[in-house]
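Let me begin by presenting the structure, written as structure tokens, before commenting on it.
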Amino acid sequence: FKTTLPPEILQTMIEISDQVIADKDAKSHGGNLAGQIDSELLVEHDMLEQAGVMGFFLGAVRQFVIQCKCQMMPNLIDEVQREEWLIQMLTMWIVSQQPEEYNPMHIHTQCQISTVMYLKVPKMLPSRKEHRSLDDGSILFVSNTSRDLDLSVPNIVIPPQVGDFFIFGAQQQHAVYPYRCAEGQKETERRSISFNAIFQSKADFDRGKKLEAPQAVVAPGDSRPT
């Protein structure tokens, strides 16, 4: 799912990330992540609550769940839309990426949904090969193994724009390509924020099932529990 952050949400998240990055005591989350990136810092939930943006993100994830369920069960759309869906945000973190840093192919574990939003995108040098001009600095989503190139594609490469907001299943394989900037360029940071989430129908919750992250064994290349 791709949308654009409302201007006020985008500005708030830039300010929150500026505050976290400037805090010398900010907690690193890099040890739990797959990225070959130096600066990956935690964002505490109370910052989102105080800034009044937590509801926006929970609501966006809720709509994603509803749309996915409606597509999966077109004969039960009315029931899906009537159901109350409970959403819980897990860890949120900042990725302050610099030239030559990258995120290898990975998934996220012990969660159901993952997201990424883009706050800063620097001017990048063009890719070395014209026929691969979209790669540098882009996010890559890898799809299923379908060989039908008329009606499906094996992967999607998306150059990020400031304000882009993606929501996707946590088991969706994805990666971020490195990029280059001109020598001496002052603004080189490619800044994004991600968070993981879990969900459950209220009907299941009322039947006594706990809203909790699914357990998973971490495989090489996967992000660790967040």
Side-chain angles (χ1 to χ4, degrees), residues 1-6 8-10 12-13 16 29 32-34 42-94 106-118 139 141-146 151-153 156 158 163-174 192-219 221-226:
F1 173 81
K2 177 181 181 293
T3 188
T4 302
L5 294 175
E8 64 275 13
I9 301 292
L10 172 61
T12 297
M13 296 311 294
I16 287 175
H29 193 50
N32 299 308
L33 302 173
L42 280 172
V43 178
E44 301 294 345
H45 287 185
D46 59 359
M47 299 183 75
L48 306 177
E49 297 282 4
Q50 292 168 11
V53 295
M54 177 65 88
F56 169 82
F57 293 119
L58 296 181
V61 171
R62 183 175 293 108
Q63 288 304 311
F64 173 75
V65 170
I66 292 170
Q67 290 301 316
C68 288
K69 292 291 185 181
C70 286
Q71 289 182 12
M72 292 169 61
M73 300 179 288
N75 58 322
L76 297 175
I77 288 177
D78 290 342
E79 288 87 342
V80 170
Q81 293 179 336
R82 283 197 299 268
E83 180 60 80
E84 182 177 350
W85 296 94
L86 308 177
I87 311 296
Q88 181 180 341
M89 180 186 290
L90 303 180
T91 305
M92 174 181 278
W93 67 96
I94 302 165
H106 66 288
I107 62 170
H108 293 180
T109 62
Q110 294 195 9
C111 56
Q112 294 163 291
I113 293 173
S114 296
T115 72
V116 61
M117 66 195 82
Y118 291 95
I139 188 167
F141 292 101
V142 177
S143 123
N144 58 29
T145 58
S146 172
L151 302 176
S152 63
V153 293
I156 299 175
I158 307 176
D164 283 354
F165 181 33
F166 297 91
I167 306 176
F168 52 97
Q171 295 293 305
Q172 170 73 58
Q173 293 192 82
H174 59 289
S192 62
I193 288 182
S194 292
F195 68 83
N196 292 330
I198 54 176
F199 70 91
Q200 186 180 49
S201 69
K202 189 173 185 299
D204 280 347
F205 183 82
D206 289 343
R207 283 194 288 266
K209 295 184 179 180
K210 293 179 62 179
L211 180 64
E212 60 185 4
Q215 299 299 307
V217 176
V218 181
D222 297 347
S223 287
R224 284 198 261 164
T226 56

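Residues take their numbers from the sequence shown, with the count starting at 1.
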Measure the spacing between [atom1] of [X] and [atom2] of [Y] and express it to the nearest 0.5 Å.
| X | Y | atom1 | atom2 | answer |
| --- | --- | --- | --- | --- |
| M117 | I167 | CE | CD1 | 8.5 Å |
| Q110 | I198 | CD | CD1 | 10.5 Å |
| N32 | L42 | CG | CG | 8.0 Å |
| I9 | T4 | CD1 | OG1 | 13.0 Å |
| I87 | Q200 | CD1 | CD | 10.0 Å |
| Y118 | S192 | OH | OG | 5.5 Å |

My understanding is that only residues two or more places apart in sequence, or in another chain, count here; which of them pass side-chain contact (heavy atoms from CB on, under 4.5 Å) with [X]?
| X | value |
| --- | --- |
| S114 | H108, C111, F168, A170, N196 |
| I158 | I139, F141, I156, F166 |
| L86 | E84, K202, F205, L211 |
| Q63 | I66 |

* Looking at L76, V65, I77, which one forms a side-chain contact (heavy atoms from CB on, under 4.5 Å) with C70? ->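 With C70 as partner, side-chain contact (heavy atoms from CB on, under 4.5 Å) holds for just one option, I77.
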* Asked: When you measure from the side chain of Q112 to the backbone N and O of F199, does any donor-acceptor pair fall under 3.5 Å?
  ->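 Confirmed, Q112 side chain pairs with F199 backbone.
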* To do: Name all residues meeting the side-chain hydrogen bond (donor to acceptor under 3.5 Å, both in side chains) criterion together with N75; count only those two or more places apart in sequence or in a different chain, and write none if there are none.
  =>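 Scan of N75 (side-chain hydrogen bond (donor to acceptor under 3.5 Å, both in side chains), adjacent residues dropped) gives none.
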* Using the test side-chain hydrogen bond (donor to acceptor under 3.5 Å, both in side chains), find all partners of R207 that sit at least two apart in sequence or belong to another chain. =>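 In terms of side-chain hydrogen bond (donor to acceptor under 3.5 Å, both in side chains), with neighbours along the sequence ignored, R207 is linked to D204.
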Considering all heavy atoms, the nearest [X]-[Y] contact:
| X | Y | result |
| --- | --- | --- |
| M89 | H45 | O-CE1, 3.2 Å |
| L33 | H29 | CG-O, 3.4 Å |
| I16 | A51 | CD1-CB, 3.9 Å |

Report yes if some heavy atom in the side chain of [X] is under 4.5 Å from a heavy atom in the side chain of [Y]; otherwise report no.
| X | Y | answer |
| --- | --- | --- |
| M13 | F165 | no |
| V61 | W85 | no |
| V116 | H174 | no |

* **Residues forming a ring-ring contact (aromatic ring centres under 6.0 Å, His included) with F56, sequence neighbours excluded** =>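 With neighbours one apart ignored, the set is empty.
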* **ring-ring contact (aromatic ring centres under 6.0 Å, His included) involving F64 - partner list, sequence neighbours excluded** =>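 Counting only residues at least two positions away or on another chain, F64 forms no ring-ring contact (aromatic ring centres under 6.0 Å, His included).
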